[in-house]
Every structure is written in structure tokens, then in C-alpha cells.
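Written out below as C-alpha cells is the structure these notes cover.
Whatever order the structure lists ligands and atoms in, that order sets their numbers, starting from 1. For clarity, every value in this text was computed on a predicted model and none was experimentally measured. One-based numbering along the sequence shown.
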Amino acid sequence: MTTIGIIGAGHIGSQVARKAVEIGYDVVISNSRGPETLGDLVAELGPKARAATAAEAAAAGDFAVVTVPLKNIGDIPAEPLAGKIVVDTNNYYWERDGRIAALDNGEATTSGMLQDLLPQSKVAKGFNHIMYTQITTDGTPAGTDNRRALATASDYPEAAELVTRLYDEFGFDTVNIGPLSESWRVERDRPAYGSRQNAEELRENLAKAPRTL
Ligand SMILES: NC(=O)c1ccc[n+]([C@@H]2O[C@H](COP(=O)([O-])OP(=O)(O)OC[C@H]3O[C@@H](n4cnc5c(N)ncnc54)[C@H](OP(=O)(O)O)[C@@H]3O)[C@@H](O)[C@H]2O)c1
């Protein structure tokens, strides 16, 4: 049985938890306010889910999903995530996160910033360019004509492979962008961001992305 430690229980975290439980994962899910505030969600998710602190979720997970606002990634507990794959859903919304010069200037990537904070973990980008509602509605079986594709990127092939498997189980094809240094191609307001694409369309949109906006 594989356990996913989920840090962040908002729009994306709760939806990832719903789909993960549906397809057989155990989840340990956390937020900033404490497990006692997640009673309704874990009741809905059932016996394969429990609420915990972020550090406990990180420790319990065979791998983790980090899905908090970018401005809060400095709080993610590094030690219990050491040696683990961390799927990062982050996007940069300067209106929420404040201006980050290295992102504005095209010198950094959002997932690269998390990797820098978690040097002993293997960060892979995931679920950043799908609206949260669609995580449970848009998946289709492998081989379906025009299946929706999602992008990943990682400096660790095994992390990109895990996301590829997870996407497939969730009902999506994968396009692997390559290292995190290239993951800006799927960041906010690039052509691949938001809209529904199959793998071929996603590859085309990633290729034509501008480095800065
Ligand atoms: N919404 C979308 O459709 C979408 C799609 C793709 C990617 N994203 C990106 O994914 C990330 C999460 O988005 P979201 O829409 O799910 O955000 P959200 O609904 O605002 O939820 C954020 C969650 O993170 C938790 N959190 C905040 N700081 C934390 C900390 N220090 N430790 C543990 N948990 C913490 C919050 O807990 P509390 O409520 O207790 O503070 C909340 O459960 C963002 O970077 C967003 O841009 C969003």
C-alpha cells in the first residue's frame, strides 16, 4: 500500500486526495491550521485518509505532494522529506505571493525554488496547469483518443517517472519537459497553462513558450 503525504489541503490538495483515495492510495493530509480543522475532509475521504501536521504527513508519505501558496514554501519541513520524491504543484501569483525578482527576470523557476529548499528531496513538477476541479473529472483510461496530457519536469528521472505513473493512474498522459531549469515552459500564462491539451498539443505549446512575460 502506498501512502501519499499531502502538504496543503486547499483546492488542489483536497482534489488530489480525493482521486488518490478513489484509485487505492492511502493519504495523510495537512494544512497550516492543524489536523483538527480537516475533520470534514477526512470524513468525506473515508478510512484511507487521515489528517496530520505537515511534518507528520511528510514523514508518513512514501512520496509527498506539496500544494501550498508559493509564498509559504519556506515552511515545508525538509528533514522528513529527505530522500523522498516531492511533487510540486506551485505557481507564482505575484498578487498573492509578492514580487519575486528571480522569477520575474527569468532566472529561476517555481519548482527550482522548492528544490533549493529541499536539497535532499527529489522535486518534480506536477498538476500545476490543470484547474483543481478537473483533476477528478478530466481523466480517461490510457489509450483513449485525444487523452488530456499534463507536464512534469525534474532533475531526477525517477521522480519524473513517478509523476508519469501517477498521472496515468489519474487518467492523464505525460509530457516530460526535462530538468527543472526548463519547467518555466509550463508556468503561469505560458501557452500550455490552463487549457486542455493532448500530448501533441502540449509539446507544441511548451516549445513556443516565452522565457519571460
Ligand atoms: N487552484 C487551482 O486550480 C490550482 C491549479 C494548479 C496549481 N495551483 C497552485 O497550487 C498551489 C495550491 O493551490 P490551491 O488553489 O490548492 O491553494 P489554496 O486553496 O489556497 O490552499 C492552500 C493550502 O495550503 C495550506 N498551507 C498554507 N501554508 C501552509 C503551510 N505553511 N504548511 C502547511 N499547509 C499550508 C493551506 O492551509 P490553511 O487553509 O490551513 O492555511 C491550504 O490548505 C498554489 O501554488 C497554486 O497556485 C492551483
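- T89 and N128 share no donor-acceptor pair across their side chains, judged by distance under 3.5 Å alone.
- Taking OG from S154 and CD1 from I85, the interatomic distance works out to 7.5 Å, rounded to the nearest 0.5 Å.
- Under the side chain to side chain contact (heavy atoms under 4.5 Å, CB included) criterion, P69 pairs with K71, N72, R96, D97, sequence neighbours left out.
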Hey, what polar pairs (N/O, under 3.5 Å) does ligand 1 make with protein?
from     : atom 1 : to   : atom 2 : distance (Å)
ligand 1 : 3 (O)  : Y132 : N      : 3.0
ligand 1 : 10 (O) : T89  : O      : 3.4
ligand 1 : 10 (O) : T89  : OG1    : 2.9
ligand 1 : 15 (O) : H11  : ND1    : 3.3
ligand 1 : 16 (O) : H11  : N      : 3.1
ligand 1 : 16 (O) : I12  : N      : 2.8
ligand 1 : 19 (O) : H11  : N      : 3.0
ligand 1 : 19 (O) : H11  : ND1    : 2.8
ligand 1 : 28 (N) : N72  : ND2    : 3.0
ligand 1 : 31 (N) : D75  : OD2    : 3.0
ligand 1 : 34 (N) : S32  : N      : 3.3
ligand 1 : 37 (O) : S32  : N      : 3.2
ligand 1 : 39 (O) : R33  : NE     : 3.4
ligand 1 : 39 (O) : R33  : NH2    : 3.1
ligand 1 : 40 (O) : N31  : ND2    : 3.4
ligand 1 : 40 (O) : S32  : N      : 3.1
ligand 1 : 40 (O) : S32  : OG     : 3.0
ligand 1 : 40 (O) : R33  : N      : 3.1
ligand 1 : 40 (O) : R33  : NE     : 2.7
ligand 1 : 41 (O) : S32  : OG     : 2.6
ligand 1 : 43 (O) : A9   : N      : 2.9
ligand 1 : 43 (O) : G10  : N      : 3.2
ligand 1 : 45 (O) : V68  : O      : 3.3
ligand 1 : 45 (O) : N90  : OD1    : 2.9
ligand 1 : 45 (O) : N91  : N      : 3.3
ligand 1 : 45 (O) : R96  : NH2    : 3.3
ligand 1 : 47 (O) : R96  : NH1    : 3.3
ligand 1 : 47 (O) : R96  : NH2    : 3.3

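- Salt bridge annotation for E44-R18: present, with a cationic side-chain nitrogen under 4.0 angstrom from a carboxylate oxygen.
- The pair E95-R188 counts as a salt bridge, with a side-chain nitrogen and a carboxylate oxygen less than 4.0 angstrom apart.
- Outside the 6.0 Å centre-distance limit, the rings of F127 and Y132 are not counted as a close aromatic pair.
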